[in-house]
Enquirer: 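Just passing along the structure, written as structure tokens.
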Amino acid sequence: MARRSGLFVTFEGGEGAGKSTQIRRLADVLRSRGCDVLVTREPGGSIGAEAVRHVILSGAAEEFGVRMEAILFAAARNDHVEEVIRPALAQNAIVLCDRFMDSSRVYQGVTGNLESDFLDALQRVAIHGLRPDCTIILDLPAAIGLARVRARSEGASLDRFEREELQTHEKRREAFLEIAASDPVRCRIVNAERDEDVIADEVLSIIAPQVEELGLGKRAGVETAG
Ligand code: TYD
């Protein structure tokens, strides 16, 4: 099929769900099949947004309130979209992004109690019409995800969001599931409690047909298996 632009895939979920591992694995397979893949993350992903990342994750902005944090996330997202994501898609790349707009909806909106009108306005400015083609939500109980994060950090300090209570993380899990239920064409829930290989196969089985449909593999096309 003739096409004009690439494929934009976002990965969402709670802490310790394995997003970065799964993104790396998917990127490796797609590249081995001739695709042009850009791996990126939020907050960050562009020079401007990386500059804001530390301000947010260190907790330096926390005392100024959730509105201030939400605006910073939106500022970072807008820079990332316009400087990195949109240009890559225009070059027919597959963009795999670790967190995007749904994280703001969940972290600032649901557990930050920010009014949805305010968030909607920020979102419009931040993404400027660029919605993900597909969002993979890696789902697992918050207690398991947090235990993984704590084991991984081995004494290193947790970030501003990781430090929050289990109950808050469980609320986020529910909020991601609600987003998926309200937008079932874009969002796919993947059970992240299973073996890494099994999860990787499922993620590939979701993305590969979309890559193929858009004709993004430079070689013979992308198969769904393995
Ligand atoms: P990060 O260290 O990138 O880790 P991970 O994605 O693996 O959890 O931390 C990003 C943190 O920022 C994470 O706790 C979620 C939070 N966040 C928001 O609160 N709002 C947002 O819009 C985004 C993109 C992230």
Side-chain angles (χ1 to χ4, degrees), residues 8-25 39-46 48-62 64-81 84-85 95-114 116 118-128 130-132 135-154 156-173 175-176 179 192 196 199:
F8 182 26
V9 183
T10 58
F11 286 72
E12 299 276 8
E15 313 293 329
K19 290 182 279 83
S20 38
T21 303
Q22 291 301 329
I23 289 172
R24 197 179 56 241
R25 292 185 63 142
V39 171
T40 188
R41 66 164 180 190
E42 289 209 347
S46 63
E50 289 290 334
V52 175
R53 177 181 171 91
H54 177 72
V55 175
I56 302 173
L57 294 189
S58 66
E62 191 176 0
F64 305 117
V66 68
R67 281 176 167 247
M68 171 74 127
E69 285 185 310
I71 292 169
L72 290 172
F73 275 114
R77 178 161 305 131
N78 182 252
D79 192 67
H80 187 208
V81 163
V84 173
I85 300 176
V95 177
L96 306 181
C97 187
D98 190 338
R99 296 195 184 280
F100 194 62
M101 59 182 198
D102 300 310
S103 282
S104 287
R105 182 74 51 204
V106 168
Y107 282 73
Q108 283 66 55
V110 177
T111 56
N113 292 315
L114 198 55
S116 55
F118 185 80
L119 259 187
D120 289 346
L122 283 181
Q123 198 85 287
R124 270 197 303 280
V125 174
I127 68 174
H128 200 218
L130 191 85
R131 293 175 66 78
T135 296
I136 304 281
I137 295 178
L138 292 177
D139 175 62
L140 86 174
I144 295 177
L146 279 183
R148 285 185 190 170
V149 168
R150 285 174 184 151
R152 193 167 67 199
S153 74
E154 279 175 358
S157 58
L158 300 175
D159 76 33
R160 177 239 178 290
F161 297 98
E162 289 163 351
R163 286 194 292 268
E164 289 174 320
E165 296 296 318
L166 179 60
Q167 208 186 355
T168 304
H169 290 284
E170 199 48 55
K171 224 168 144 184
R172 288 179 183 145
R173 179 191 189 193
F176 277 120
I179 288 175
E196 196 184 298
I199 300 169

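Order of appearance sets the numbers: ligands from 1, and atoms from 1 within every ligand.
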Enquirer: Does one side chain, of His80 or Glu42, offer a donor that lies under 3.5 Å from an acceptor on the other?
Expert: yes

Enquirer: I need the contact residues for ligand 1: any residue with a non-hydrogen atom closer than 4.0 Å to the ligand, ordered by chain then number.
Expert: Glu15, Lys19, Glu42, Pro43, Arg53, Leu57, Phe73, Arg77, Asp98, Arg99, Ser103, Ser104, Tyr107, Gln108, Asp159, Phe161

Enquirer: Taking the side chain as everything from C-beta on, heavy atoms only, tell me whether Phe11 gets closer than 4.5 Å to Phe100.
Expert: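 Side chain of Phe11 against side chain of Phe100, heavy atoms only: no contact under 4.5 Å found.
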
Enquirer: Around atom CD of Glu62, are there more than 12 heavy atoms of other residues, nucleotides or ligands at under 6.0 Å?
Expert: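 Yes, the 6.0 Å shell around CD holds more than 12 heavy atoms from other groups.
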
Enquirer: For Arg77 and Ser104, what are the C-alpha separation, side-chain angles and deciding distance, and is it a side-chain hydrogen bond (donor to acceptor under 3.5 Å, both in side chains)?
Expert: CA-CA 10 Å; Arg77 178 161 305 131; Ser104 287; 2.9 Å; yes

Enquirer: If you measure from OG1 on Thr111 to CD on Gln167, what distance do you get to the nearest 0.5 Å?
Expert: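 These two atoms lie 11.5 Å from each other.
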
Enquirer: Check whether the ring centres of Phe73 and Tyr107 lie less than 6.0 Å apart, and answer yes or no.
Expert: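 Aromatic pair excluded; centres sit 6.0 Å or further apart.
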
